[in-house]
Amino acid sequence: MSPPDLLDDFTGRIGMSLQPMLDSWHAGLSDRIILERPAARGHGDLATNIAMVAAGSAKLPPLEIARKIVEVLQDSPQVMHLCEKVEIAGPGFINFFLNDKAIADAALGALAQGRDYGSGTAAQPESILLEFVSANPTGPLHVGHARYAAYGDSLKRILSFAGYKVGTEFYINDYGSQMDIFGISLALRYAELWGREIRFPDEGYQGEYTVHIARMIKDEIGDSLLADTDPDARESAIAFFRKRGCELVLDEVRSVLVRFGVVFDDWFSEAGLYQSDAVPNAMQALTDAGELLVQDGASWLLTTRHGDDKDRVLIRSSGEPTYFASDIAYHQDKLSRGFDRLINIWGADHHGYIARMKAAFAALGHDPERLEIIIGQLVNVIELGERKQMSKRKGTMVSLEELIDSIGVDAARFYLVDRSADSTLDLDLEKAKLKSEENPVYYVQYAHARICSILDRSEETPADSGNSTACESLESQERELVLKLAEFPRTVTGAADSRGPQRLTAYSRELAATFHAFYHSCPVLKASPDMASFRLDLCRLTRNVIAMCLDLVGVEAPESM
RNA sequence: GCGCCCGUAGCUCAAUUGGAUAGAGCAACGGACUUCUAAUCCGUAGGUUGCAGGUUCGAGUCCUGCCGGGCGCACCA
């Protein structure tokens, strides 16, 4: 159990001092009552809206409540010994001006926690299965997948840091008609490599990459399947190309993701579901629950009972199960593995699928709340000022590989995760290349490198960390830095709860800016010995927090630049 | 037509889940390197948060209706 950080500690002290009075007003300490850093400097270091919130149940004007609260706080040593002064402002805010000693102590307390500072804040540390990317294995990943990979992986890191137990999974859609088309496309490319005339079907995968894959297969098997690749090719040959092509694509997908810093705990094959009884079992469970209806020769899941706008086919009249059928079986499997919550990250083009999936959960007797679907908006590629539709089939796309090659992993990940997932992202690769040196990631990394350089030049060793005596008097930039550092635990909580990694990149920029300002006005190594020692501790803490922020979004924290 | 997402500074985006005077970066302008990393800092300028109502002590944030953009609405996956 790590000690509470500055904000939590102070909140606790206020709460304890005010409890009796709040009880008498039947107000309680609801989560609407917040302690936060006010935007304006003149409003103190910390502020609370408690008087305004309590006004409702106390049936008194906010300002009057605020006066009574401040009276009580003035008599509370545990609050006042941290404060310079307390004042009432605006419609009833109570503003706290902390004394320098309290601020300096907070920094040393945070530093003492090392890599645990800000971690383990989850209110209920549930176990979560996070599924993302899950691209069809019919070609390389593109920048759209890159966005989900960066977002999902950052979310995994953040949730884990916050104390959740998180598993990540890539669902391989290696079954169904798209795979058949992929197999046929490869067979045709293969024949083409042997000099045969081919006519490529419109719905085939025409991207250049199919040639490379076909060549790899050709090198493996020679001409042994050539006779089978005519327009009326034998099913077994198609099956071979489908399977081998899928394996080769997955090898590439896996390795480019590793390069991108994204490693999945599990890869789950849809085709594998069909090698077990998972799908029939799920159908049976739905039949037993009376949720299935046979009509027009097909089996329908009555999802309208659970809020969907139309019922959905699970088994076609041909007897073939739909994608939805195997997806239900897949989610049954996920639940059977004991997760409290399933989070799926889907592209915006799948949002229409949410209602039916949740309905299936309800039909199986599960609480749909356990399934959380995050919709990530799409990435548009801009070329010569024009929006281009990305299509794997036509081969018109910017691959993750190209993105990494042109701007690097750090800039790419920071850029992709630096904006909320629910706004569409336009990516102009040429512009991104030109502008990559303006990427804010370097601003943050530079602060880290700067600190490392200072620590490197100082006489102190890592063993001196945290041994400074708290300063009695601080410069304003020192106060700002500590207060900014004090926001880190809440930033992590906010990022985890709102599933918003961009909170961390935004925070890391603010922290870097605060540090750079501190750097310019507060010399570290040239200060008097006591002061130098304290400032070195501030540097260590800042370095740790920046490194944690960057790590939480999968970006390196370099020691020099 | 119905559903989901978005609309904030010239551009790209934030905004502590409803808090006080809406903030950063880029672009523009003016300053600071014989100094612990100038990939930095300090300052100036830039806004009716798409529009109109509503809810309340308080709205960029919540509700309703418009306008504009994106994405969906299969016995495809």
Side-chain angles (χ1 to χ4, degrees), chain A residues 7 31-32 34 36-40 42-43 47 49 51-53 55-56 61-63 89-93 95 136 138 173 175-179 181 203 270 296-300 309-310 312-318 320-324 326-327 347-355 375-378 380 387 415 418-426 431 435 437-440 442-443 445-447 449-458 487 490-491 493-495 497-498 500 502-503 505-507 509-510 512-513 515-517 519-527 532 535 539 560-561:
Chain A
L7 290 161
D31 52 4
R32 289 188 52 212
I34 52 174
E36 63 182 353
R37 289 202 59 206
H43 294 149
N49 61 351
M52 276 112 74
V53 175
L63 283 170
F93 286 100
N95 296 336
N136 288 344
T138 53
N173 297 136
Y175 187 89
S177 54
Q178 292 306 314
M179 288 310 294
I181 294 169
E203 70 275 15
E270 182 186 7
D296 304 329
S299 295
W300 299 72
D309 23 299
K310 61 174 298 225
R312 309 288 172 178
V313 171
L314 290 185
I315 311 291
R316 299 183 184 92
S317 45
S318 67
E320 278 290 300
T322 60
Y323 177 78
F324 187 34
S326 57
D327 217 14
D349 51 344
H350 285 73
H351 77 261
Y353 200 77
I354 299 174
I375 291 300
Q377 295 300 314
L378 302 178
N380 295 310
R387 201 171 268 174
Y415 175 80
D418 193 32
R419 60 214 64 216
S420 149
D422 42 33
S423 49
T424 339
L425 194 152
D426 288 338
K431 222 185 240 178
K435 293 189 66 166
E437 68 272 10
E438 290 167 9
N439 192 304
Y442 301 120
Y443 180 80
Q445 289 181 322
Y446 183 62
R450 237 183 185 177
I451 296 170
C452 289
S453 165
I454 295 172
L455 293 173
D456 209 41
R457 286 167 177 269
S458 94
E487 291 176 31
R490 289 198 173 189
T491 305
T493 313
D497 290 349
S498 68
Q502 82 278 1
R503 297 267 183 105
T505 51
Y507 172 77
R509 264 203 307 259
E510 291 167 13
F515 176 80
H516 286 310
Y519 173 90
H520 276 270
S521 49
C522 302
V524 177
L525 299 176
K526 290 168 190 161
R535 287 179 178 173
C539 287
S560 66
M561 285 175 78

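We name chains A, B, ... by the order of the sequence lines, and we start the count at 1 in each one.
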So do the side chains of Arg509(A) and Asp418(A) get within less than 4.5 Å of each other, counting heavy atoms only?
yes
Any side-chain heavy-atom pair from Ile354(A) and Ile375(A) closer than 4.5 angstrom?
yes
Identify whether any heavy atom of [X] sits under 4.0 Å from a base atom; if not, whether one sits that close to sugar-phosphate; answer base, sugar-phosphate or nothing.
X: Asn95(A); answer: base
X: Cys522(A); answer: base
X: Ala517(A); answer: sugar-phosphate
X: Pro62(A); answer: nothing
X: Ala55(A); answer: nothing

Between [N] and [X], is there an OP1 or OP2 to side-chain N/O distance shorter than 4.0 Å?
X: Thr424(A); N: G70(B); value: no
X: Lys310(A); N: G72(B); value: no
X: Arg419(A); N: C13(B); value: yes
X: Arg503(A); N: A15(B); value: yes
X: Tyr353(A); N: A77(B); value: no
X: Tyr446(A); N: A39(B); value: yes

From the options [options], select the nucleotide whose nearest atom is closest to the side chain of [X].
X: Pro523(A); options: C36(B), C42(B), A20(B); answer: C36(B)
X: Met52(A); options: C4(B), U37(B), C57(B); answer: C57(B)
X: Arg450(A); options: A38(B), U17(B), G19(B); answer: A38(B)
X: Asp422(A); options: C6(B), C75(B), U37(B); answer: C6(B)
X: Asn49(A); options: G19(B), G72(B), A15(B); answer: G19(B)
X: His351(A); options: C36(B), U37(B), G72(B); answer: G72(B)

Any donor-acceptor pair under 3.5 Å linking the side chain of Thr322(A) with the backbone of Val313(A)?
yes
Does any N or O donor sit under 3.5 Å from an N or O acceptor when you compare the side chain of Asp349(A) with the base of A77(B)?
no
Would the base of C75(B) count as contacting Ser317(A) through its side chain, where contact means a donor and an acceptor less than 3.5 Å apart?
yes
Between [atom2] on [N] and [atom1] on [X], what's the gap in Å once rounded to a whole number?
X: Asp426(A); N: C5(B); atom1: CG; atom2: C1'; value: 14 Å
X: Asp296(A); N: C75(B); atom1: CG; atom2: P; value: 11 Å
X: Gln377(A); N: G72(B); atom1: CD; atom2: C1'; value: 11 Å

Considering heavy-atom distances to RNA chain B, does Ile354(A) or Tyr415(A) have its closest nucleotide positioned more toward the 5' end?
Ile354(A)
Nearest nucleotide by nearest heavy atom, which residue falls closer to the 5' end of RNA chain B, Glu487(A) or Lys526(A)?
Glu487(A)
Per-pair stack call Phe93(A) and A20(B), 5.5 Å, 30°
yes
Is there aromatic stacking of His43(A) on A20(B) here, judged by a ring-centre distance under 5.5 Å and a plane angle under 30°?
yes
As its Watson-Crick or G-U partner within any shown strand, both distances under 3.5 Å, G47(B) has none
With rounding to whole Å, what would you report as the distance between G68(B) and U21(B) at their C1' atoms?
31 Å
Centroid-centroid distance, Tyr175(A) to Tyr323(A), less than 6.0 Å:
no
